[in-house]
Amino acid sequence: GAGVSQTPSNKVTEKGKYVELRCDPISGHTALYWYRQSLGQGPEFLIYFQGTGAADDSGLPNDRFFAVRPEGSVSTLKIQRTERGDSAVYLCASSLGRGGYEQFFGPGTRLTVL
Amino acid sequence: ELKVEQNPLFLSMQEGKNYTIYCNYSTTSDRLYWYRQDPGKSLESLFVLLSNGAVKQEGRLMASLDTKARLSTLHITAAVHDLSATYFCAVDIGGGADGLTFGKGTHLIIQP
């Protein structure tokens with residue numbers, strides 16, 4: 001079956017602009033996660049959804065970052081007033097449920113803020 | 001704050017040799033995950049370890065978990081070039097904090 005998909009694969013934007021990154025999880029997976037990976041580092045947790053609700057947003061770095069999952073499937077990560085330090089690969093993962101389930105990762109969106 | 005430490009961070013080894021990657025974590029957990037990442041690619045799940053003493057094997061890779069020591073190992077047997085990649089361990093502590101905390105990764109190069 002289809003895996004986790006993310007669009008766009010690459011996004012180049014200018015400092016101060018607004019961007020949206022989309023994640024389409026594996027069908028039937030109720031849990032969805034966003035991570036950010038900087039060059040040479042491990043992924044860093046941002047936010048976790050169980051169904052439509054954000055169950056844990058403790059990893060969001062500041063209030064410029066926001067994510068939604070209105071129908072419990074596709075999720076959008078939104079970044080306002082982008083800064084150069086936001087440049088990274090944004091990874092989405094999904095799993096069958098919370099806690100102890102294997103997380104399957106998408107290919108990522110490479111965000112470059114000029 | 002949960003800390004996950006891997007060592008070594010970089011490893012160059014020859015084909016046919018055995019080696020072990022270590023993953024230590026700072027907070028009680030019985031959920032440990034190993035992932036592989038090839039350059040420019042996303043993460044591929046290798047193992048999910050969910051109890052003390054858990055051992056899983058797939059091909060030349062074997063992972064184990066000691067929750068009392070807060071230690072997991074990834075053992076490579078008779079390495080082959082195709083295993084060259086970056087390997088990450090990750091931990092989740094549950095209790096509503098279900099995002100994974102990753103180590104920095106072990107960059108493994110296997111020379112023919």
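In what follows, chains are A, B, ... by sequence order, proteins preceding strands, each numbered from 1.
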Q. More than 12 non-hydrogen atoms from neighbouring residues, nucleotides or ligands closer than 6.0 Å to CG on Leu114(A), yes or no?
A. yes

Q. Using a heavy-atom distance cut-off of less than 4.5 Å, which residues of residues 48-80 of chain B contact chain A?
A.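 If one takes a 4.5 Å heavy-atom cut-off, the residues of residues 48-80 of chain B near chain A are Val48(B), Leu50(B).
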
Q | Distance-minimising heavy-atom pair for Phe105(A) and Ser42(B) | A | CB-OG, 3.4 Å

Q) Do Ser45(B) side-chain atoms and Phe104(A) backbone N/O form a donor-acceptor pair below 3.5 Å? A)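 Judged by distance alone, no pair lies under 3.5 Å.
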
Q | Which portion of Phe47(B) sits near chain A, non-hydrogen atoms under 4.5 angstrom | A | neither

What about [X] and [Y], same hydrophobic cluster or not, with Ile/Leu/Val/Met/Phe/Trp/Tyr joined at side-chain heavy-atom distances under 4.5 Å?
{"X": "Trp34(B)", "Y": "Leu11(B)", "value": "yes"}
{"X": "Ile21(B)", "Y": "Leu9(B)", "value": "no"}
{"X": "Val68(A)", "Y": "Val74(A)", "value": "no"}
{"X": "Val4(A)", "Y": "Val89(A)", "value": "no"}

Q) Considering only heavy atoms, which portion of Tyr101(A) lies under 4.5 Å from any heavy atom of chain B: side chain, backbone, both, or neither? A) backbone

Please tabulate, one pair per line, all N/O donor-acceptor pairs under 3.5 Å involving side-chain atoms of residues 103-112 of chain B, not counting sequence neighbours.
from, atom 1, to, atom 2, distance (Å)
Lys104(B), NZ, Gln41(A), OE1, 3.4
Thr106(B), OG1, Gln6(B), NE2, 3.1
Thr106(B), OG1, Pro8(B), O, 2.6
His107(B), ND1, Thr86(B), OG1, 3.2
Gln111(B), NE2, Ser12(B), OG, 3.1

(Q) Any heavy-atom pair between the side chains of Leu100(B) and Pro43(A) that's under 4.5 Å? (A) no

Q) How many angstroms lie between atom OH of Tyr33(A) and atom CG of Asp92(B), to the nearest 0.5 angstrom? A) 7.0 Å

(Q) Only pairs of heavy atoms separated by less than 4.5 Å count here; which of Ser95(A), Pro107(A), Gly108(A) has the most with chain B? (A)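 Of the options given, most contacts go to Pro107(A).
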
Q: List for me each residue that meets side chain to side chain contact (heavy atoms under 4.5 Å, CB included) alongside Gln37(B), sequence neighbours excluded, and say none if there are none.
A: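 In terms of side chain to side chain contact (heavy atoms under 4.5 Å, CB included), with neighbours along the sequence ignored, Gln37(B) is linked to Gln37(A), Leu43(B), Phe88(B).
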
Q. Mind checking who shares a hydrophobic cluster with Phe49(A), ILVMFWY linked at side-chain heavy-atom distances under 4.5 Å?
A. Val19(A), Leu21(A), Leu32(A), Trp34(A), Leu46(A), Ile47(A), Leu60(A), Phe65(A), Leu77(A), Ile79(A), Tyr90(A), Leu111(A), Val113(A)

